[in-house]
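The structure presented is a predicted model; accordingly, all values stated were derived computationally and were not measured.
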Amino acid sequence: MNEYNAGRGDAGTIPATLIPGDGIGPEIVDAAVKVLDALGSPFAWDVQQGGLAGVAAGGDPLPKATLDSIHRTKLALKGPLTTPVGGGFRSINVRLREEFQLYANLRPAHTLVPGGRFENIDLILVRENLEGLYVAFEHYIPIGDDPQAVAISSGVNTREGSRRIARFAFEHAVKLGRKKVTIVHKANVLKALTGVFLQAAREVAQEYEGRIAFDDRIVDACAMQLVLNPWQFDVIVTTNLFGDILSDLIAGLVGGLGAAPGANIGAAAAIFEAVHGSAPDIAGKGLANPTALLLAAGLMLDHVGRTEAAGRLRGAIDAVLNQDKIRTGDLGGTASTRDFTSAIVGRISGRV
């Protein structure tokens with residue numbers, strides 16, 4: 001046993017990897033574990049290190065032990081991880097996506113606290129996670145005495161990868177009873193790279209005719225329309241780079257990345273996380289808002305079929321924020337991480 005009450009995958013439990021992460025990561029992961037425990041957590045945690053903690057422990061921000069754990073459990077909840085600057089380290093998140101072929105990045109956005117610039121936001125963004133410009137086939141061409149005079153990057157979208165992410169989006173829409181999927185692209189200019197994505201997604205959309213409506217938008221127009229009238233959208237599916245940008249824009253509609261959970265899902269594994277970074281400037285001060293990771297834990301519960309527990313978790317968050325008015329500083333309140341967590345645990349356990 002360790003500080004997170006790790007189990008051994010006994011009957012009724014689900015083995016899962018837990019990565020506390022860097023900066024505020026250990027604080028918000030601790031909050032998530034306490035809230036899950038109050039729900040009667042089904043997870044038997046295998047605690048592993050990553051990011052700067054992984055470098056300190058073994059010289060690698062993504063240690064072999066951590067990868068081996070996820071290969072074994074096929075399920076992980078992780079705090080934010082910092083990729084060290086310099087030293088030839090690749091993005092930890094990109095490495096995880098590639099290692100476990102986590103082709104779908106799911107980022108829902110819901111209004112948590114009324115009274116902001118936008119009300120009643122309820123959007124889901126589905127981002128292709130392995131292709132596009134993020135394959136990073138890049139190189140420089142030297143000219144004269146400048147070795148980096150020209151930079152070239154190539155993107156890759158495959159028809160099969162485009163079909164796969166489109167089908168994931170439509171299936172997710174059906175599962176949740178959503179009404180429409182919007183395909184976002186730049187096929188008017190990037191006719192090959194995003195043209196194949198648009199064509200493949202349209203082909204998949206035809207399979208859902210009569211069940212899920214669909215339309216498409218050029219990415220720049222979509223960005224503008226998300227700000228002018230976000231309620232016209234329901235589920236959005238798009239390529240890697242566009243999804244990265246639009247998901248942050250959508251998070252801004254509901255108060256920022258502190259309210260933005262993420263799920264990275266593949267055929268054989270899934271990793272759940274808060275979208276925000278490690279925020280080292282507030283680490284250890286009790287100021288961190290654990291909401292994004294709590295919502296990610298809710299997605300994790302959904303993923304393993306514990307939808308009732310996931311609903312109770314989201315209900316407790318809503319009650320603490322909007323009935324009890326207990327909020328962390330980024331949401332206009334004064335509650336510490338511990339106070340906010342205790343309030344949610346209280347709601348779940350019926351002490352409120």
Exercise. Is the number of heavy atoms from other residues, nucleotides or ligands within 6.0 Å of CZ (Arg117) greater than 12?
Worked result: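 No, the 6.0 Å shell around CZ holds no more than 12 heavy atoms from other groups.
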Please collect all salt bridge (charged side-chain N to carboxylate O under 4.0 Å, His left out) contacts where either partner lies in [range], sequence neighbours excluded, each pair once.
| range | answer |
| --- | --- |
| residues 181-200 | Lys186-Asp220 |
| residues 275-285 | none |
| residues 130-144 | none |

Taking only residues at least two apart or on different chains, which pairs with a member in [range] satisfy ring-ring contact (aromatic ring centres under 6.0 Å, His included)?
| range | answer |
| --- | --- |
| residues 98-151 | His71-Phe100 |
| residues 270-304 | Phe272-His303 |
| residues 148-167 | none |
| residues 190-234 | Phe170-Tyr208 |

Polar side-chain atom of [X] near backbone of [Y] as donor-acceptor pair, under 3.5 Å:
| X | Y | result |
| --- | --- | --- |
| Thr194 | Leu190 | yes |
| Ser278 | Pro80 | no |
| Thr83 | Ile92 | yes |
| Glu171 | Phe168 | no |
| Asp146 | Gln148 | yes |
| Asn264 | Leu102 | no |
| Asn157 | Gly132 | yes |
| Asn105 | Ala263 | yes |
| Asp46 | Pro15 | no |
| Glu209 | Ala205 | no |

Between [X] and [Y], is there a shared hydrophobic cluster once you connect ILVMFWY residues whose side-chain heavy atoms come closer than 4.5 Å?
| X | Y | result |
| --- | --- | --- |
| Ile265 | Leu77 | no |
| Ile19 | Val29 | no |
| Val320 | Leu293 | yes |
| Leu299 | Leu301 | yes |
| Val181 | Phe242 | no |

Exercise. Which other residues belong to the hydrophobic cluster containing Val189, where Ile, Leu, Val, Met, Phe, Trp and Tyr are joined when side-chain heavy atoms lie under 4.5 Å apart, directly or via other members?
Worked result: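 Cluster partners of Val189: none, it stands alone.
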Exercise. Other than Val275, which residues form its hydrophobic cluster under the rule that side-chain heavy atoms must be closer than 4.5 Å?
Worked result: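 ILVMFWY cluster around Val275 also holds Leu257.
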Does [X] come within less than 4.0 Å of [Y], counting only side-chain N to carboxylate O?
| X | Y | result |
| --- | --- | --- |
| Asp302 | Arg314 | yes |
| Asp248 | Arg107 | yes |
| Asp215 | Arg202 | no |
| Arg178 | Asp234 | yes |

Exercise. So which pairs with a foot in residues 249-263 pass side-chain hydrogen bond (donor to acceptor under 3.5 Å, both in side chains), sequence neighbours left out?
Worked result: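 Qualifying pairs, neighbours excluded: none.
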Problem set entry | Inter- and intrachain pairs under side-chain hydrogen bond (donor to acceptor under 3.5 Å, both in side chains), touching residues 292-301, at least two apart |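 Matches after skipping sequence neighbours: none remain.
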Of all heavy-atom pairs between [X] and [Y], which one has the smallest distance, and what is that distance?
| X | Y | value |
| --- | --- | --- |
| Pro63 | Gly50 | CD-CA, 4.2 Å |
| Ala296 | Ala274 | CB-N, 4.4 Å |
| Gln48 | Ala65 | OE1-CB, 3.6 Å |
| Leu112 | Leu321 | CB-CD1, 4.0 Å |
| Arg217 | Thr182 | CG-CG2, 3.8 Å |
| Pro61 | Val55 | N-CG2, 3.6 Å |

Taking atom types as modelled, is there a side-chain donor on [X] or [Y] under 3.5 Å from an acceptor on the other?
| X | Y | answer |
| --- | --- | --- |
| Arg163 | Gln199 | no |
| Ser342 | Asp339 | no |
| Asn289 | Thr291 | yes |

Exercise. Side-chain contact, heavy-atom cut-off 4.5 Å: Lys64 with Thr66?
Worked result: no
Exercise. Between Val237 and Val184, does a side-chain contact (heavy atoms from CB on, under 4.5 Å) hold up when you go through it step by step?
Worked result: CA-CA 6 Å; Val237 61; Val184 176; over 6 Å; no
Problem set entry | Any residue meeting side chain to side chain contact (heavy atoms under 4.5 Å, CB included) with Glu308, in chain and number order, not counting sequence neighbours |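 In terms of side chain to side chain contact (heavy atoms under 4.5 Å, CB included), with neighbours along the sequence ignored, Glu308 is linked to Arg312.
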For this session: Run the numbers on Lys34 and Asp30 for salt bridge (charged side-chain N to carboxylate O under 4.0 Å, His left out), then give the verdict.
Result: CA-CA 6 Å; Lys34 285 176 177 168; Asp30 182 66; 3.0 Å; yes
Exercise. Relative to each other, are the rings of Trp45 and Phe43 parallel, tilted or perpendicular (30° and 60° limits)?
Worked result: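 The rings of Trp45 and Phe43 sit tilted, inter-plane angle from 30° to 60°.
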For this session: Could you check Asp318 against Arg347 for salt bridge (charged side-chain N to carboxylate O under 4.0 Å, His left out), going step by step and ending with a plain yes or no?
Result: CA-CA 10 Å; Asp318 177 70; Arg347 277 285 179 175; over 6 Å; no
Problem set entry | Verdict with supporting geometry, Asn240 and Leu133, side-chain contact (heavy atoms from CB on, under 4.5 Å) | CA-CA 7 Å; Asn240 205 333; Leu133 285 165; over 6 Å; no
For this session: Find the distance between CG (Leu18) and OG (Ser69) and round it off to the nearest 0.5 Å.
Result: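 Those atoms lie 9.5 Å apart.
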For this session: Report the distance from atom CD1 of Ile271 to atom OG1 of Thr17, rounding to the nearest 0.5 Å.
Result: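 Here the interatomic distance stands at 8.0 Å.
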For this session: Any chance you could lay out the salt bridge (charged side-chain N to carboxylate O under 4.0 Å, His left out) test for Glu27 and Arg338, step after step, and finish with the verdict?
Result: CA-CA 9 Å; Glu27 297 167 74; Arg338 179 177 297 179; over 6 Å; no
